[in-house]
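See below for the structure under consideration.
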Amino acid sequence: AGKGIQLFDQKAIDLCTAWITAIMTYRDKDTNMSFAQDPANIYFTAVNEDSLFKHFSNNFKRLNKNSLKGLDEKFTRWLAKQYPVREQLADAWGPRGLMTNESDNTSSVIVMGVKKLAKASPGRQKDTIEFLLALENHYFTAIKKAVRQTGYQGIFSTTNYWAGYG
């Protein structure tokens, strides 16, 4: 599948939530408490040092071709909700918006990494960032919901990836 796929692929998200639920509801034989109930577990991080913005800043180099294709298809569907007709998208993004191979209604629109996106139109930049934020919000909300449904009441953090630092 590839690193980062759990952040946007629904099947991978479902697998992550099932895995987290199994871990957090496991009962310690000595204490008869689940990990969610154990007061020693005070902090939960949804994903260790990962973020779509980490992949974005690395120009998606760590995502494999199938993962990138899936991300592009999601972006295309997201854009179709924002702009029901491709010409509306082309107008919103302006002359530096759509690439030649993205102009017809059947082609996928590519999620650009930071280097390419820096040269794109402001409209494309805005929509790309909003899309990535929407995906991350969906992932982190699903993980938090799964964690809270186990009865865990401690501190919840989405990621310990410090974008922009270092």
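Note: hydrogens, waters and symmetry copies are ignored here, and every other heavy atom, side chains too, is used.
When hydrophobic clusters are built by joining Ile, Leu, Val, Met, Phe, Trp and Tyr residues whose side-chain heavy atoms come closer than 4.5 Å, directly or via intermediates, L89 is not grouped with V85. I23 and Y139 fall within the same hydrophobic cluster, defined by Ile, Leu, Val, Met, Phe, Trp and Tyr side-chain heavy atoms under 4.5 Å apart, directly or through other members. The hydrophobic clustering, which links ILVMFWY residues whose side-chain heavy atoms are closer than 4.5 Å, places L15 and L71 apart. Residues L133 and M112 share a single hydrophobic cluster, defined by chaining ILVMFWY side chains whose heavy atoms lie under 4.5 Å apart.
In terms of modelled atom types and a separation under 3.5 Å, the side chain of N59 and the main chain of K61 share no donor-acceptor contact. For the pair D72 (side chain) and V111 (backbone), a donor-acceptor distance under 3.5 Å is present. Under the 3.5 Å distance criterion, the side-chain polar atoms of Y152 are left unmatched by any main-chain donor or acceptor of A146. With hydrogens and angles disregarded, no donor-acceptor distance shorter than 3.5 Å links the side chain of Q6 to the backbone of C16. Checking side-chain atoms of T141 against main-chain N and O of H138 turns up no donor-acceptor pair under 3.5 Å.
A heavy-atom distance below 4.5 Å is found between the side chains of L132 and T128. Put simply, the side chain of L135 reaches to within 4.5 Å of the side chain of K74, judged on heavy atoms. Within the 4.5 Å cutoff, no side-chain heavy atoms of I42 are placed close to those of I155. In this structure, V109 and R124 have side chains that are in contact, with non-hydrogen atoms separated by less than 4.5 Å. Residues M24 and S34 have side chains not in contact (no heavy-atom distance under 4.5 Å, counting atoms from C-beta outward). Within the 4.5 Å cutoff, side-chain heavy atoms of D50 are placed close to those of L7. In this structure, the side chains of T45 and F156 stay at 4.5 Å or more apart for every pair of heavy atoms. Contact check for M99 versus I110: side-chain heavy atoms found under the 4.5 Å cut-off.
Between N64 and S67, the side chains place a donor N or O and an acceptor N or O closer than 3.5 Å (distance only, hydrogens not considered). Under the 3.5 Å distance criterion, with hydrogens and angles disregarded, no donor-acceptor pair is assigned to the side chains of D127 and W78. Side-chain atoms of S51 and E136 form a donor-acceptor pair, as typed in the model, at a separation below 3.5 Å. Donor-acceptor pairing under 3.5 Å is lacking for the side chains of R148 and Q153.
Between T158 and F140 the shortest heavy-atom distance is O-CE2, 3.2 Å. Residues S121 and G97 share a closest heavy-atom pair of OG-CA, 3.7 Å. Closest non-hydrogen pair, V114 versus S57, comes out as CG1-O, 3.6 Å.
Distance check, rounded to the nearest 0.5 Å: CD1 of I13 to OG1 of T17 gives 8.5 Å. Rounded to the nearest 0.5 angstrom, D91 CG and R86 CZ are separated by 13.0 Å. Here the straight-line distance linking atom CD of Q125 with atom CG of L117 works out to 5.0 Å at 0.5 Å rounding. The distance from atom NZ of K81 to atom OG1 of T76, rounded to the nearest 0.5 Å, is 12.5 Å. Taking NE2 from H55 and CG from L68, the interatomic distance works out to 10.0 Å, rounded to the nearest 0.5 Å. One finds the OG1 atom of T150 at 13.0 Å from the NZ atom of K145 (value rounded to the nearest 0.5 Å).
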Can you check side chain to side chain contact (heavy atoms under 4.5 Å, CB included) on V147 and I20, steps first, answer last? CA-CA 7 Å; V147 169; I20 287 166; 3.6 Å; yes
Test side chain to side chain contact (heavy atoms under 4.5 Å, CB included) applied to S157 and Y43, step by step: CA-CA 8 Å; S157 173; Y43 184 82; 3.1 Å; yes
Side chain to side chain contact (heavy atoms under 4.5 Å, CB included), that's the test. Do T159 and N48 meet it? Break it down for me. CA-CA 6 Å; T159 180; N48 182 45; over 6 Å; no
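A search for ring pair (Phe, Tyr, Trp, His ring centres under 6.0 Å) contacts involving F75 returns F131, not counting sequence neighbours. Here K11 pairs with nothing under the salt bridge (Lys or Arg N to Asp or Glu O under 4.0 Å) rule; sequence neighbours left out.
Screening residues 4-26 for ring-ring contact (aromatic ring centres under 6.0 Å, His included) gives Y26-F35 as the qualifying pairs, with residues at least two apart or on separate chains.
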